[in-house]
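Notes to accompany the following structure.
Keep in mind that the numbers below use all heavy atoms, side chains included, and drop hydrogens, waters and symmetry copies. Counting starts at 1 for both ligands and their atoms, in listed order.
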Amino acid sequence: MAILIDGTLFSLTTKDSLYQMQVDEYGVLNHLWYGPKTGMDMSYLNQYPEISFSGNLADTGVKRDYSLNDRPLEYAEGGMTDYRTPAVRILHPDGSSALDLRYAGYELLQSKPEIDHLPASFDRSQQTPALKITLKDALYPIFVHLFYSPFEQENVIARSVCIENRSDHLLTLDKVSSLCLDLPDGNLDVIHFHGRHAMERLVERLPVGFGTFRFESRRGNSSHQHNPAVILAQPHTTETHGACYGACLLYSGCYQVEVQKDQLEQIRLIMGLEESTFRWKLNPGQVFNAPEALLSYSNKGLEMLSHQFHDMFREHVIRSSFVHRPRPILINNWEATYFDFNGKKLLEIADAAQECGIDLFVLDDGWFGNRNSDTESLGDWQVNEEKLGMPLANLSKAIHEKQMQFGLWIEPEMVSEESQLFKDHPEWVLWIPGRYPSRSRHQLVLDLGNPEVVGYLYQTFAKIIADNQIDYIKWDMNRSISDFYSSYLPKQRQGELAHRYMLGVYELADRLTSDFPNVLFEGCAGGGGRFDGGMLYYFPQYWCSDNTDAHCRTQIQYGTSFFYPISAVGSHVSAVPNHQTGRMSSLETRATVAMAGTFGYELDLTVLGPEECEQIQKQVKVYKDLQPLIFDGDYYRLTDPFQDGLAAWSFVAKDGSQVLVQSVIYEQKPNTRYSRIQLRGLDSNGLYRKDGTDACYTGAALMEGGMLLNLPHGTDSSQTIRLSKVGPHPSENIQG
Ligand code: DGJ
């Protein structure tokens, strides 16, 4: 049983981990352990001498060695002698904000419940239970329900929190976290994923110092600048060795992560809603659900941690049926034409794509209203038939007649001032009274905290999808949010807007994806500005970055791979010189990098010569063959592209039968040895044949000795190697 309750001791187990909590003599829920299985009650570690200037709770009497300030707490409250970062802060009507949370009971649920209006992990087989532990404030009937679901095979624990107001007064929630984790080990590194537009999820690793390391998004989306995911790793932890903890939020709005090292060299990790953009009024009788967080532990390095998250996302987070279905290779017209297209040009691109064997034609921005630049028409979702030269349904029909699917770009959350929607409904825009709202990419933000706006958007896009035989939707979001103010909400509830906005986005995504289960949705926020577990719950793939440069992409995709599965990574071959960097790279290299994702093309195929078209035809065939391995296999980061001057990664089928190694060497130097890459995840005793040759290698040789990459001269040259396992090695043939 994955959840064991022994009196006041709660133990959650997964395949390789143990998570333990215990209610102590004062009714405080202590965190005891998160790490490898130990086979015992770990409370013996929870002993503290008297620490000066650590106050004692009133009911501990004259005992001076019990302080909340020292102990590892399961869900840290503030104001009662714990001076560290609290997980929750609630303002009472008397003006105080202290909470004194004591154990009030537990419930064991046979299967994990959903969380109202929020994305949450699930188990389709209903085999994953949930433990609900309830804490209550010692003074007021304010309850904090902590939910835990151990996903056995994936070594993941899903956590969520619900605050319930059973008092008869209005509460103000000033801080609510999804996760609080107190670790006794102060000697850890923090690994986080920062970046910017077109350069998302860059990796930084730092030792955790005394004080608080914090990152967050206040942008209304999870942001390009910082992904809502973090790793704490022992300093010696590598890809393959050492202990590490990973945590990510299934949330796409403003969030914060705090990593605090206290005076006793203990570390507290807190993840949840960002404080300065959150203030929630909780009426008597109401509950507030915080977003879910996923937590995982690995004692075999970062690679195993990533595999656990990848499996978790593929099996228990991405709810779309497309997650395990072959996905179409697409051609997107954005970098081919930008806004400058007509129906004839689109059909020419589609013709060329069809010849290449491409499955799906995606019409990007510019098909509606008077949208010939990014200055106008968002909100006016009427088809520009004059520009297309035909109704959208006819264009879709023409594409389908080419035996291709038809996809469409939308940006539901935004409005241009130059639009009829803005003229009709200025009150639907986030707009602080007395100030003019700030523009970004010339656009304003619709108030998705207003259910009327969400309803209108649902009607608008459901009709477009239904009327035009749409097979794919690219849902874009092209600005960070500012001017948080909703004319729908009363002034005392404006602090709820950032979270209500996200609830509106989720409501719209939920309705559209549920009502159109056969439409493939790809998320996008100016590339990867909202690439997170929340959006992946609805959308099985996400445009990883607006940067399509193959070289940069190896770095962006490397960072993305720590938490998110490759099957979710939208990745395209674009033109050279690259539109973002001006870099030249070969068609082969561009495809090699894009194949480590959902794969597609985003360039004007009509201007390519016959040789390139032939090459694309081959790439399409190769990718179709490889997609199951890429999507469902285990992914290995074989190098660190930021340090090694070379990006190399591999996929190993779960049954071990197939291996794909892809690599890009950034810069060739004369008179050097070949690059040697040690593979991982192979069967040491297995025998692997390099496809297209008779050369065979043992798994041990490939992992210990490695493979030589014979890359051609030039910058950013790439190589793809496929290996098939041809059986166990007949030991008599093993040399040496
Ligand atoms: C930003 C996206 O990331 C691009 O791919 C493209 O769809 C543009 N928006 C369109 O405006």
Proximal atoms of ligand 1 relative to W543 (non-hydrogen, under 4.0 Å): 3 (O), 5 (O)

Proximal atoms of ligand 1 relative to G527 (non-hydrogen, under 4.0 Å): 3 (O)

Nearest non-hydrogen protein atom, atom 11 (O) of ligand 1: D365 OD2, 2.6 Å

Distance flag, aromatic centroids of F339 and W367, threshold under 6.0 Å: no

For W409, atoms of ligand 1 separated by under 4.0 Å from a heavy atom: 7 (O), 10 (C), 11 (O)

Structural part of E411 in contact with ligand 1, heavy atom criterion under 4.0 angstrom: neither

Close aromatic pair by centroid cut-off 6.0 Å: H572 and Y601: no

Close approach, E335 and ligand 1, non-hydrogen under 4.0 angstrom: no

Ring centers of H316, Y537 separated by less than 6.0 Å: no

W334 N/O under 3.5 Å from ligand 1 N/O: no

Residue pair I231 / F563, side-chain heavy-atom distance below 4.5 Å: yes

Nearest protein heavy atom with distance in Å, relative to atom 3 (O) of ligand 1: D546 OD1, 2.3 Å

R314 and S567: side chain donor to acceptor below 3.5 Å: no

Atoms in ligand 1 with a heavy atom of G526 nearer than 4.0 Å: 1 (C), 3 (O)

Centroid-centroid distance, F521 to W475, less than 6.0 Å: no

Any N/O pair C524/ligand 1 closer than 3.5 Å: no

Y255 ring center near H499 ring center (under 6.0 Å): no

Atom 6 (C) of ligand 1 [closest protein heavy-atom partner, distance rounded to 0.1 Å]: D364 OD1, 3.4 Å

Nearest option to atom 1 (C) of ligand 1, as decided by whichever heavy atom of T548, N547, V362, D476 sits closest: D476

N/O separation below 3.5 Å, R441 to ligand 1: yes

pair S416-R371: side-chain heavy atoms closer than 4.5 Å: yes

Ligand 1 contact on N478 by region, counting heavy-atom pairs under 4.0 Å: side chain

Atom 5 (O) of ligand 1: the protein heavy-atom neighbour that sits closest, reported with distance to 0.1 Å: K474 NZ, 2.7 Å

Proximity of W431 and Y436 rings by center, below 6.0 Å: yes

Validation row, ring centre H310 to ring centre Y564 under 6.0 Å: no

